[in-house]
Amino acid sequence: MEQFLIERDTLVKIIDALLSQKYPDEPPANIDEIREDSIRKLDDQIGTQVFSSLNEKQLKEINNLLDDQEKDPAVFQNFFQNAGVNLEQKITEAIQGFSQEFLGGKDV
């Protein structure tokens, strides 16, 4: 998924914090693959959490916005607000769920 819901830098910070908790004594080079895979998985979970809140008509509309490669974040914020989706809440729920699974030792 393209990272338009949350910046890559933010995903990296979240994953790095989780990795430091789960692998406190592990050198960063040893967990690079886990890090990149976790960033991708967290981004996917955020997308799933957000897009599963949309109906078919709304999904078509957001796909059109994405196809237009709109760069103004306000367009997306307005779309989700009009669709009745609380982006902050959905993103927070996805991060919390991912964190629990990741730190709990389950494959995410």
Side-chain angles (χ1 to χ4, degrees):
M1 150 165 285
E2 294 182 35
Q3 297 161 348
F4 81 95
L5 293 171
I6 187 167
E7 300 273 337
R8 178 174 168 81
D9 290 345
T10 303
L11 293 171
V12 168
K13 288 176 186 175
I14 293 166
I15 295 303
D16 285 349
L18 292 172
L19 289 170
S20 70
Q21 288 178 50
K22 188 165 183 169
Y23 305 105
D25 299 325
E26 199 68 39
N30 291 354
I31 55 175
D32 271 348
E33 190 174 324
I34 294 170
R35 181 180 189 249
E36 288 304 313
D37 190 48
S38 296
I39 291 167
R40 181 189 53 76
K41 287 178 179 179
L42 175 56
D43 188 51
D44 287 348
Q45 282 193 8
I46 290 169
T48 299
Q49 183 79 16
V50 170
F51 291 115
S52 67
S53 304
L54 301 175
N55 63 37
E56 192 172 323
K57 181 181 175 188
Q58 293 166 329
L59 286 170
K60 286 180 185 178
E61 187 176 341
I62 192 67
N63 280 327
N64 288 336
L65 289 175
L66 291 169
D67 288 344
D68 289 340
Q69 298 179 354
E70 179 62 53
K71 300 296 180 198
D72 183 6
V75 171
F76 294 106
Q77 291 171 347
N78 289 337
F79 168 81
F80 286 109
Q81 185 175 13
N82 292 336
V85 175
N86 182 331
L87 268 183
E88 185 176 320
Q89 177 186 1
K90 294 294 181 184
I91 291 170
T92 299
E93 288 171 1
I95 292 169
Q96 289 172 341
F98 180 89
S99 297
Q100 288 174 346
E101 290 177 25
F102 185 82
L103 293 174
K106 299 177 186 172
D107 289 333
V108 289

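Just so we're clear, the structure is a prediction, and the values are computed from it rather than from any experiment.
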Could you give the distance from [atom1] ([X]) to [atom2] ([Y]), rounded to the nearest 0.5 Å?
X	Y	atom1	atom2	result
I46	L11	CD1	CG	5.0 Å
L18	Q100	CG	CD	11.0 Å
F102	L19	CZ	CG	4.5 Å
I62	L66	CD1	CG	5.0 Å
Q45	S99	CD	OG	9.5 Å
S38	E101	OG	CD	11.5 Å

| At their closest point, which heavy atom of L5 faces which heavy atom of F51, and how far apart are they? | CD1-CE1, 4.2 Å
| request: Could you tell me which non-hydrogen atom of K90 sits nearest to which non-hydrogen atom of V85, and how far apart they are? | output: CG-CG1, 4.0 Å
Between side-chain atoms of residues 91-98 and protein atoms elsewhere (two or more places apart, or another chain), which donor-acceptor pairs fall under 3.5 Å?
| unit_1 | atom_1 | unit_2 | atom_2 | d |
| --- | --- | --- | --- | --- |
| T92 | OG1 | E88 | O | 2.8 |
| E93 | OE1 | Q49 | NE2 | 2.7 |
| E93 | OE2 | Q89 | NE2 | 3.0 |

| query | When you look at D9 and K13, which way does the salt bridge (Lys or Arg N to Asp or Glu O under 4.0 Å) test go after all the steps? | reply | CA-CA 6 Å; D9 290 345; K13 288 176 186 175; over 6 Å; no
| Residue pair F80, V50: steps toward the side chain to side chain contact (heavy atoms under 4.5 Å, CB included) verdict | CA-CA 9 Å; F80 286 109; V50 170; 3.4 Å; yes
| field | Contacts of S20 that satisfy side-chain hydrogen bond (donor to acceptor under 3.5 Å, both in side chains) - sequence neighbours left out | value | none
| message | Test of understanding: with side-chain hydrogen bond (donor to acceptor under 3.5 Å, both in side chains), list the residues that count as partners of E61, not counting sequence neighbours. | response |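 So E61 forms no side-chain hydrogen bond (donor to acceptor under 3.5 Å, both in side chains) with any residue.
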| Test log, rule side chain to side chain contact (heavy atoms under 4.5 Å, CB included), inputs D37 and I34 | CA-CA 5 Å; D37 190 48; I34 294 170; 5.8 Å; no
| F79 and L54: side chain to side chain contact (heavy atoms under 4.5 Å, CB included), yes or no, with the steps? | CA-CA 11 Å; F79 168 81; L54 301 175; 4.0 Å; yes
| query | Just wondering, are more than 12 heavy atoms of other shown residues or ligands nearer than 6.0 Å to CD in E36? | reply | yes
| So, does Q58 use its side chain to make a donor-acceptor pair with the main chain of N55 at under 3.5 Å? | yes
| Under 3.5 Å: donor-acceptor pair, side chain of N78, backbone of A74 | yes
